[in-house]
Amino acid sequence: MPRYDFKSIESRWQKYWEDNETFKAGDPSSATEKLYVLDMFPYPSGSGLHVGHPEGYTATDIVCRHARMNGRNVLHPMGWDSFGLPAEEHAVKTGTHPRETTEKNIGTFRRQLKMLGFSYDWSRELATTDEDYYRWTQWIFLQLFDTWYDAEHTWTGPDGEQRVGRGRPIAELPIPDDVAAAGDEAVRRYQDKRRLAYISEAPVNWCPGLGTVLANEEIVDGKSEVDGHPVERVALKQWMLRITAYADRLGSELDALNWPESIKLLQRNWIGRSTGAEVDFYIGTESFADWTSARGQQGWPEEASDDVLRVYTTRPDTLYGATYMVIAPEHPFVERLTTAEQSDAVQSYCRAASLKSDLDRTELAKEKTGVFTGSYAINPVNGQQVPIWVADYVLISYGTGAIMAVPAHDLRDFEFAVTFDLPIVQVVKPPESWEPSKDEKAAAAEVNGEQMTPFSGRGTSVNSGDLTGLPTDELKQKITAQLDDSGLGRSAVNYKLRDWLFSRQRYWGEPFPIWHELDADGNPTGLMRADEPAELPVLHPHMDDFQPTGTPEPMLSKADDSWLYKTAEDGTRLKRETNSMPQWAGSCWYFLRFCDNKNGEAFIDPALEKYWMPVDLYIGGAEHAVLHLLYSRFWHKVLFDRGHVSCPEPFHQLVNQGMILGDTDYSLTADDYEANAELIAERGLDPLRIRTDDGERVALRNPSDDSTKYCPLKDDQIEKRGRSVFLKGTELQLSGRTDKMSKSRRNVVNPDDVVKDYGADSLRLYEMFMGPLEQVKPWSMKGVEGVHRFLGRVWRMVIDDRAEELALHESVSDADPTADQLRVLHKTIKAVGDDIGKLSLNTAISRMMEFTNFMSHEDVRPKAVLQPFLLLLSPFAPHIAEELWAAIGNTDTLAYEPWPQYDESLLVEDTIELPVQINGKMRAKIQVASGLDREATQAAAEADPAVQKHLAGGNVVKVISVPGRMVNFVVK
RNA sequence: GCCGGAGUGGUGGAAUUGGUAGACACGCCGGAUUCAAAAUCCGGUGGGCGUAACAGCCCGUGCGGGUUCAAGUCCCGCCUCCGGUACCA
């Protein structure tokens, strides 16, 4: 086997690792330090692995292999996020059970990952669809159901940190006397409203055309992705998770994590904490003076009563400028506040708003719409009457669903006031230096014959009664304190983050372990019962067909009665919850189960949790920067509060790999194509129409037998003239782009093909050599060939590729290394080790290429130099490294060989080349002994003839001499 | 619009954090080997001026300013591209 035969090498070593369970994680032990390295587990789609997957997987594999060689006990597992829509859609089309499809796809993914030689501990493999797995997903849901959030509770967790606020058992929820007095049922309803998992009415996307409920991602522009049927929003009882209770901790506990700052920021913005004040505007019929004095005595009520409209504002300092109010169309007071004359207008406005999706509402952002209710409220600071409007630019889901409008200092209010001719009162004077922002300028309008520009920044108050003349920040505090004293308002915090809509109407998701009580007529009473943990898992009902229900009812409501109903021991009829959990559920805690995936008694053994958690390094795509990571952190914190896990955060270090784009694709506009279709056909090129954001384009491809294979134009088929690109020999201008890989563009590279042609080691190496891990990078087949050639050179550096049998290259010997060889080796050891630590894997590979380029030219290649190099190479290209390691005379796998150590003293070169600058321009290079001091370096520079030539006739004003770096003469 | 990231040869990308810009590759050009090809090996390769050849010089990290002995790197002002987000009061 003289040639580098990657096929046989790779399959042989993969079998060896599997047979010997080489990468099984060790048991917890105090002697070895643990390392938990995790990849975001994939959704096993029908199309199999994509070259984007192995990017992060290779990086983590390198880290793990390196860590094992450094004596760490490494946990590196893989599994499948296998619930999800596509398998169910396939079931609708073909009748194949989603489980069957899922298992087939998992099989493909597993085969493909094993073919890449990743060092996963496969004994820990799991799928979220395993009954033994989702049993515990349901169990965690019951924990959420059993928990309420005590925002006042001060406590110290097992991590030694003191916190305020804790999720506690629902049994510990204090029950007010009047509720307790009302009886057991009232208590249960009181508790149900406060659980972290609760039921609430929420809109679902109901598509009558398809007879099914759709997920948000199945909707494009308010129409179903399939066939473009219109989608309606229908209110349905749905499960919600109270993630907002944890908003503060989810924000503040990000600080200590070793995550990219940009991702932390993304999460903070998503949580969107803002501080301001809640203020009550009086809408009652009694006298305003009586109401304010009553408030002064009784103080601020927790729950707003019916005689006030409560608003949230971040700018309480502008209260004097509030000239009208707006409530959301869904606000509970709409009906009450609407006068008879306005009734028709308000009703039709609200109905129209309810049909609009969120997207439609924002689409119309330019044009403000709304309608007057006919009612007025009283501004608490100046007693003035202000009209109350209904408008959809106010969202029911944020704050109190009502605002005080300050048109002079809020762009949206300003636009609205201009549209409906409402009064605008300036209460903040801008600072002298103020220049209107782009937005402010754009909003500027003519009001009463005068040009007005809104000002939304900070300044000094005017027209604000006693509080005139104060800077914005000071006034905010002062007015909030005054409102608080008089019981008219108080400081408040709000979040953009909403509670998590946790139910779907699908079959292929975890069923809820919840029963609804029915009354004698079979109608739900609104009371619920949870399954006992011992009764889990709640399995899916058997179904013969997966056709949609034809109503907004969930798929599981089609189950037969034996699944849907039962009678409790106390005789109560019960009906099962028929919603299912979203795909996010299973991925919220899989990293915990990997620590102890066979445990039948608990979701995780506490000792194993304590040993392995948290995940030390977590690598995955940035598309999960917000939702998956936020949801997981939320669940983890609930489990932490309830004492089930010992650390407050699940992922210590997070790295996002950059997307891999397709190889450069050349295309022309549809018009150009039509005009030149013949020319293109003559050249035997395949036109491919592609829809893009800015119209249709036609990509030109080379023909291929395999229609799925991506064959873009090659460099010799195009011609560059200046900045433009033309189809070679024509006047046809093309544009070259690198796009996201997608089926519709047909530019997807299949790892199977790459492995077949170049081998797994080449694929792994190329994935890392392309560029920095975090960066977006275009794929290039030429690049794969490049690293493949490198592996060939490594092979020939060690092996005699002309021999019939496997034999070492004649230059390989037992001789002692030369000083040069040692220096190059040790520099490489240092560089590669440092680079792995920084995840700078592309440069690590460069360093190994430099080593190979050097060593291949040596006539004597001591094993003492080659062996450590093979160890350095092994995390990157493990198959060839194992093969050469064996060829050179070792009998055991190198997976646990100690990582080579470098000797600092061997790194120093005898002489170094230094640049000499004159006035900052490089003019000469001098050879000096390394370690030369400042003066001697300068003297050496002055002695150089080239330097002397430049210094001649000049006046040396200053000399900067940095030993080991450079010398600079400043000459006048 | 706002937030984040990035602009370096024909291409992907390096540059010890202010100290020789273009490491390592791809591509291209020339050569060796070969009956020929593939594979492999050797040499060259930022642009320009210049030389018989060396030498030498000028320009050059998106654009315009600035700080510094010295700027791809720091500061100010722009431009372009990519990603996220969307009336959050």
Side-chain angles (χ1 to χ4, degrees), chain A residues 3 260-263 265-266 268-270 272 274 276 311-315 318 326 358-359 361-366 368 391-395 397-406 410-413 415-416 437-439 442 456 494-498 622-623 625-626 658-659 661 664 715-716 720 736 738 766 769-772 774-787 789-790 792-793 796 801 831 834 840 842-850 853 856 913-925 946 949 957-960 962 964-971:
Chain A
R3 281 283 189 101
E261 282 306 317
S262 60
I263 300 294
L265 194 67
L266 219 56
R268 285 200 192 96
N269 289 345
W270 190 266
S274 77
V311 302
Y312 170 73
T313 176
T314 55
R315 292 294 299 273
T318 60
V326 185
D358 290 346
L359 193 86
R361 282 196 180 188
T362 55
E363 286 280 310
L364 301 170
K366 294 147 221 146
K368 290 272 181 294
D392 66 2
Y393 82 91
V394 171
L395 308 173
S397 49
Y398 185 77
T400 59
I403 61 155
M404 61 176 214
V406 186
D410 181 285
L411 299 179
R412 299 150 300 181
D413 297 346
E415 276 172 39
F416 192 83
S437 70
K438 274 184 189 163
D439 281 346
S456 54
N494 253 298
Y495 303 93
K496 279 202 238 179
L497 183 69
R498 308 291 153 83
E623 66 273 21
V626 180
M659 198 186 352
L661 306 176
T664 310
D715 286 355
D716 58 6
K720 287 186 185 169
T738 51
Y766 178 62
F769 189 61
M770 286 169 88
E774 294 93 332
Q775 200 164 300
V776 176
K777 306 163 283 274
W779 183 268
S780 152
M781 267 310 173
K782 288 286 183 193
V784 185
E785 281 176 37
V787 292
R789 281 206 281 267
F790 162 64
R793 284 201 298 278
R796 290 188 301 273
D801 69 336
D834 289 353
S840 177
N842 53 331
T843 51
I845 294 167
S846 307
R847 305 315 285 265
M848 291 190 285
M849 287 174 168
E850 286 179 89
N853 290 345
S856 299
E913 190 190 59
L914 282 193
V916 181
Q917 301 177 343
I918 314 292
N919 288 336
K921 290 197 172 174
M922 219 270 292
R923 292 299 182 189
K925 292 173 184 177
K949 204 181 87 190
V957 220
K958 195 172 174 185
V959 182
I960 294 103
V962 184
R965 288 260 61 121
M966 46 71 69
V967 183
N968 188 11
F969 294 93
V970 186
V971 181

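Order of the sequence lines sets the chain letters (A, B, ...), proteins ahead of strands, with each chain counted from 1.
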*Asks:* How would you summarise protein contacts on nucleotides 19-30 of chain B per nucleotide, using B for base, S for sugar-phosphate only and - for none, with heavy-atom distances below 4.0 Å?
*Replies:* BB--BBSSS---
*Asks:* Report the base-pairing partner of G72(B) (Watson-Crick or G-U wobble, both distances below 3.5 angstrom), or none.
*Replies:*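 The answer is none; no pair meets the criterion.
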*Asks:* Searching all strands shown, indicate the nucleotide that pairs with U40(B) (Watson-Crick or G-U wobble; both distances under 3.5 Å).
*Replies:*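 Partner of U40(B): A32(B).
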*Asks:* In terms of ring plane angle, is the pair Trp779(A) and Tyr766(A) parallel, tilted or perpendicular, where the classes change at 30° and 60°?
*Replies:*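 The rings of Trp779(A) and Tyr766(A) stand perpendicular, inter-plane angle above 60°.
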*Asks:* Take atom C1' in A6(B) and the same atom in A86(B), then report the distance between them in whole Å.
*Replies:*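 Result for the C1' pair: 23 Å, nearest Å.
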*Asks:* Counting only side-chain heavy atoms from C-beta out, which of C87(B), C58(B), G13(B) sits nearest to Tyr393(A)?
*Replies:* C87(B)
*Asks:* Which atom pairs link the protein and nucleotides 72-79 of chain B when you take only N or O atoms and keep those under 3.5 Å?
*Replies:*
none

*Asks:* If you measure from the C1' atom in G60(B) to the same atom in C49(B), how many Å do you get, rounded?
*Replies:*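 It works out to 14 Å between them.
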*Asks:* Looking only at atom P, what distance separates G77(B) and A25(B), rounded to whole Å?
*Replies:*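 G77(B) and A25(B) have their P atoms separated by 42 Å.
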*Asks:* Would Lys368(A) pass as a cation-pi partner of Tyr393(A), given that its NZ or CZ must be under 6.0 Å from the six-membered ring centre and within 45 degrees of the axis?
*Replies:* yes
*Asks:* Return the pairing partner of G83(B) with a 3.5 Å limit on both distances, Watson-Crick or G-U wobble; otherwise return none.
*Replies:* C3(B)
*Asks:* For a 4.5 angstrom cut-off between non-hydrogen side-chain atoms, does Asp801(A) reach Arg796(A)?
*Replies:* yes
